[in-house]
Amino acid sequence: MTTPAQPQVLPGHAPDAGDRPRLSFAVPRRGKPPRHLADLTSAERAAVVTELGQPAYRAKQISTHYFGHLTRDSGAMTDLPAGMREDLVPQLLPELLTEVRRLEADGGDTVKTLWSLFDGVKVESVLMGYSDRATLCVSSQAGCGMACPFCATGQQGLTRNLSTAEIIEQVRRAAVSCRDGELPGGPRRLTNIVFMGMGEPLANYRTVINAVRRMVDPTPDGLGMSARHITVSTVGLVPAMRKLTAEGIPVTLALSLHAPDDELRSQLIPINTRWTVGEALDAAREYFEVTGRRVSIEYALIKDMNDHGWRADLLAAELLKRGKGWVHVNPIPLNPTPGSIWTASDKDVEDEFVARLRSAGIPTTVRDTRGSDIDGACGQLAAEV
Ligand code: SAH
């Protein structure tokens, strides 16, 4: 539905904004997911097992099954006495994710799973197999409070934060799919994680950091993944970006910029009214300085919105102003969402945008549009159910 735009209304959207979410940091109060081993540090696990009347070393055994063998099936834990398998294991490894639906695209190389959580809330994750890696796109929140108008999840508002274990379970389930050869090409390892599913990871900061630690801690404390292969993507919550810088975990930081000027960015990314393009880029540059990790700038190319040649030049200038070699740009063809008339830029416009960045010396790679036919990038399946 499109009706004539009113002045305060974003082009491309129906002007009836009353039922569209506004930018919000409020986290709805809901029940908490059951406590799970993956929520806990190894010291906390030992303490909980002791509290439950068992020797602390049992925590390590169960962690080895969970993080090392990727199982929560107590029947497989033959090094535990039968009583413990029936009683202790279910208390530490409750079922957190139930598969609701699975969609495949790209000849099976892209698999999107819709999960139901303990309270019936739905989230999704997307597994993508490539020749040299397998990447899981995880959700960190159910819905999102950032209200970006081009993003399907942004249109849902925030339902709740996920727990650390709800994030880790998405990873474990994908790691099992990889190991069991569910992607074409046979058994492989899950190598990469991107926090680009539902939610703003830095708005669920502590939980996401704990999840990252569980991913990178060596087994049996964690999954033993490489921090460099984990990407945390943010709208640009500057104080949280600074906190992340100080954590000393060498994850890759991605900043969803989508416009180099405040006027347009404030329309596309409402949080820009609080932290500007300049502030977000300064924080991104600091991240590089401290961690040595090159930052990714995400830029969804939206036809006639942000894809002008002069905006490519302005983007290059804003980045170069802060130095060379610290950043690369990922233009992403827009994946159109229901209710929006926005669409992806024409190919020649995209090519020109990329060419201008490259000729300014900015490394630029167009993001592949994996799973766009199953709405792989943007929360549409969960929105639909
Ligand atoms: N909240 C985080 C993660 C969101 S999803 C963030 O904003 O960075 C990851 C990326 O997908 C973000 O860059 C987001 O802006 C982008 N995105 C969202 N909807 C999109 C769409 N319809 N088409 C293309 N990219 C989209």
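Atoms within a ligand are numbered from 1 in the order they appear, just like the ligands themselves. Along the sequence shown, the residues carry numbers beginning at 1.
- With 3.5 Å as the limit, one finds a donor-acceptor pair spanning the side chains of T207 and N204.
- In this comparison of G199, C151, C148, the heavy atom closest to atom 4 (C) of ligand 1 sits on G199.
- Atom 5 (S) of ligand 1 has its nearest heavy-atom neighbour, among E298, Q141, M146, M196, in M196.
- Short contacts between ligand 1 and V235, defined as distances under 4.0 Å to a heavy atom of the residue, involve ligand atoms 6 (C), 7 (O), 8 (O).
- Counting atoms of ligand 1 from 1 in the listed order, those under 4.0 Å from a heavy atom of S256 are 6 (C), 7 (O), 8 (O), 12 (C), 13 (O), 15 (O).
- If you look at L255 next to ligand 1, there are no close heavy atoms at all, none under 4.0 Å.
- At a 3.5 angstrom cut-off on N or O pairs, F150 counts as close to ligand 1.
- Every atom of ligand 1 is numbered from 1 in the order shown, and the set under 4.0 Å from a heavy atom of T337 is 22 (N).
- Because its NZ or CZ atom is not both nearer than 6.0 Å to the ring centre of F288 and within 45° of the ring axis, R285 does not count as a cation-pi partner of that residue.
- Contact check for L301 versus I332: no side-chain heavy atoms found under the 4.5 Å cut-off.
- In summary, R160 and D119 engage in a salt bridge, as defined by a charged side-chain N under 4.0 Å from a carboxylate O.
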_With salt bridge (Lys or Arg N to Asp or Glu O under 4.0 Å) as the criterion, how do K303 and D307 come out once you've worked through the C-alpha distance, each side chain's angles and the decisive distance to 0.1 Å?_
CA-CA 6 Å; K303 185 176 179 164; D307 59 359; over 6 Å; no
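- In this structure, of H258, R367, M198, E200, the residue bringing a heavy atom nearest to atom 14 (C) of ligand 1 is H258.
- Using a 4.5 Å heavy-atom threshold, the side chains of L202 and V235 count as separate.
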